[in-house]
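Encoded as structure tokens, the structure appears first; notes follow it.
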Number of protein chains: 2
Amino acid sequence: MSSRPIGLPTLDNFALRALPDGPLDADQLRVRNLWLSVDPYMRGRMNDAKSYAASFQIDQPMTGGAIGEVLESTMDGFVPGDLILHMGGWRDGGIIGLDMMPNKLPAELLAGGMSPQTFLHNMGLTGGTAWIGLLRVAAAKPGDTVFVSAAAGAVGSAVVQIAKAREMTVIGSAGGAQKCAWVSNLGADAVIDYKAGPVLPQLAAALEKLGKPGIDVYFDNVGGEHLDAAFAVANDFARFAICGMIDVYNDGKPQEMKYIIRSIPARIRMEGFIYTDQFIECMEEFYADMGGLIASGAVTIRETVHDGIEAAPEAFLGLFSGANIGKMLVRL
Amino acid sequence: MSSRPIGLPTLDNFALRALPDGPLDADQLRVRNLWLSVDPYMRGRMNDAKSYAASFQIDQPMTGGAIGEVLESTMDGFVPGDLILHMGGWRDGGIIGLDMMPNKLPAELLAGGMSPQTFLHNMGLTGGTAWIGLLRVAAAKPGDTVFVSAAAGAVGSAVVQIAKAREMTVIGSAGGAQKCAWVSNLGADAVIDYKAGPVLPQLAAALEKLGKPGIDVYFDNVGGEHLDAAFAVANDFARFAICGMIDVYNDGKPQEMKYIIRSIPARIRMEGFIYTDQFIECMEEFYADMGGLIASGAVTIRETVHDGIEAAPEAFLGLFSGANIGKMLVRL
């Protein structure tokens, strides 16, 4: 990041810079990166404001999830050739210390055919966010009716598939015919195209068609109009897991909430969450459960891939213009 | 109720009518009412819309809490002279059946000096709402910083006092110097006059003066600007108990929420609740705990009393213009 954005970031906020190189100190890895993750949460970290993680620093790399191959190691337990997940972010490689939390990818899963970049999506941040938000924060259970916004995104598409695998009824929202068709193919019982008209009437019509009185769970990735519509049609004791509000990350405008008052008569519980708070304690259960869902084909993904380190800013900006289906990745 | 209000109710929505009288059937009580309760939640029941309780019917009494004396009984366990709490609502008396849920007031508490109308406020709906919302829904604990709106109201004033008795730091909001002085007398550590200026700057200033980084708990009685301000200053893992949104009961306008997006980085849990959902299971604990707080003087109340059945509509309308300090009652 070369400068802090005001509102929507632009390519001018980014620059490619050389990083220091040299011999390794103790407990370091020299790494060649293979895959970089670009994620909506990074937008918040570009601000110089208190958020849930430290701000990015100007003229320093955008940190975040990346998959790399170890070239040289002074760190116990790592040898050249190991594939690792680390938090070093947008760089073609370089020196990775313990602060970047390097972790070897599980060899048995790779041997079983799982691709390394899966640990940047369904077996990592986005899949973990979907699994924790749906099953733990919103406590969704078989038979529930679940509404998911940004259902064609990396998190949303995992939510749709996990919910279907758990015998829930799923209504997804996405923008445009192509994304909606894909969400439908993932197994959603109904799909709303938010670009085709207001959300609430479409959501109400979908519920009526499905013969459901309302929603038990809302998995929010966007905020704004979708969140308000969810309040409007929530069943008693509905649970909202608030994962993101991408609608308002950039403009900072007030959200007009007409139906939030229904939180009282319907006793709605709305809860914001962050994956990392809960990931460690449920990691083992998550890997076992999600690994099984992926192996069985119940959870799949589409990857939208940009090539080369130079393409990272463009890939990132695409998240805010709806350019991705599934998980947006940069391949080096 | 003689007609349904649109927006703010007026005296024209009410009329005094004679009710059928005659000999008692089985399982009935003839009652002379002594005290009637008027409560904000009744506004919702005046609409012909799905709410958490059945709508009031035109040309039928506004039902709700009342204290009466039994004159005649064909119901097991009740004899003339008994003081009862029942849900027969706005009437000077008449025939009360099992559907009005008559309950004898605990003789030992009355003998100990508790006034009968206490069961319409601190030992009843409003005190129970405060106790359940603060201690159970918001899970407030000693050391927490608690923000309470409508802190001079029947529910709010109980929240302030319960929180202080439990060693929490309390910031109350009320409208006008007289109410603010009263909230301060109840023990609040800081008081905001929402009529004197915008809520958020006053709330931030109060926190700074108290040396607190933010709030751990928000007890919401009003919605709107207060709720948004609470989102703005919430600490990580803050809990919001949403009890009422009196700001928007009448106008139905959208609420502009600028800070609801903080529910993600701060992992805020917001939960709407209704007293009756949880009251039965915790009634024994509530009576013991609240009875002790009242007996020790830790929880007191001011009653705003109107006299005569004809005054009930005016007393009710006063709830929406801020005319009451403490609990609004009608004495017959």
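Letters A, B, ... are given to chains in the order of the sequence lines, protein chains preceding strands, and every chain is numbered from 1. On a predicted model such as this, the values are computed, not experimentally measured, just so you know.
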With a 4.5 angstrom heavy-atom cut-off, which part of A:Phe237 approaches chain B: side chain, backbone, both or neither?
side chain

Heavy-atom cut-off 4.5 Å, strictly under: side chain, backbone, both or neither for A:Asp277 against chain B?
side chain

Indicate every side-chain donor-acceptor pair of residues 146-159 of chain A with a distance under 3.5 Å to a residue at least two apart or in another chain.
| residue | atom | partner | partner atom | Å |
| --- | --- | --- | --- | --- |
| A:Ser149 | OG | A:Tyr218 | OH | 2.9 |
| A:Ser149 | OG | A:Asn221 | N | 3.0 |
| A:Ser157 | OG | A:Gly153 | O | 2.8 |
| A:Ser157 | OG | A:Ala154 | O | 3.4 |

Chain B heavy atoms under 4.5 Å from A:Ile260: which part of the residue, side chain, backbone, both or neither?
both

Side chains of A:Met270 and B:Glu271 in contact at under 4.5 Å (non-hydrogen atoms):
no

Return the minimal non-hydrogen interatomic distance between A:Ser263 and B:Ile242, and the atom names on each side.
OG-CG2, 4.0 Å

Holding to side chain to side chain contact (heavy atoms under 4.5 Å, CB included), I want the full list of residues that pass it with B:Leu210, two or more places apart in sequence or in another chain.
B:Thr169, B:Ile171, B:Asp189, B:Ala190, B:Lys212

B:Tyr275, OH: over 12 other non-hydrogen atoms inside 6.0 angstrom:
yes

Pick one of side chain, backbone, both or neither for B:Ile268, based on which atoms fall under 4.5 Å of a heavy atom in chain A.
backbone

Rounded to the nearest 0.5 Å, what's the gap from CD1 on B:Ile261 to CG on A:Leu227? Could you check?
11.0 Å

dist A:Gln255:CD -> B:Lys258:NZ (nearest 0.5 Å) comes out at 10.5 Å

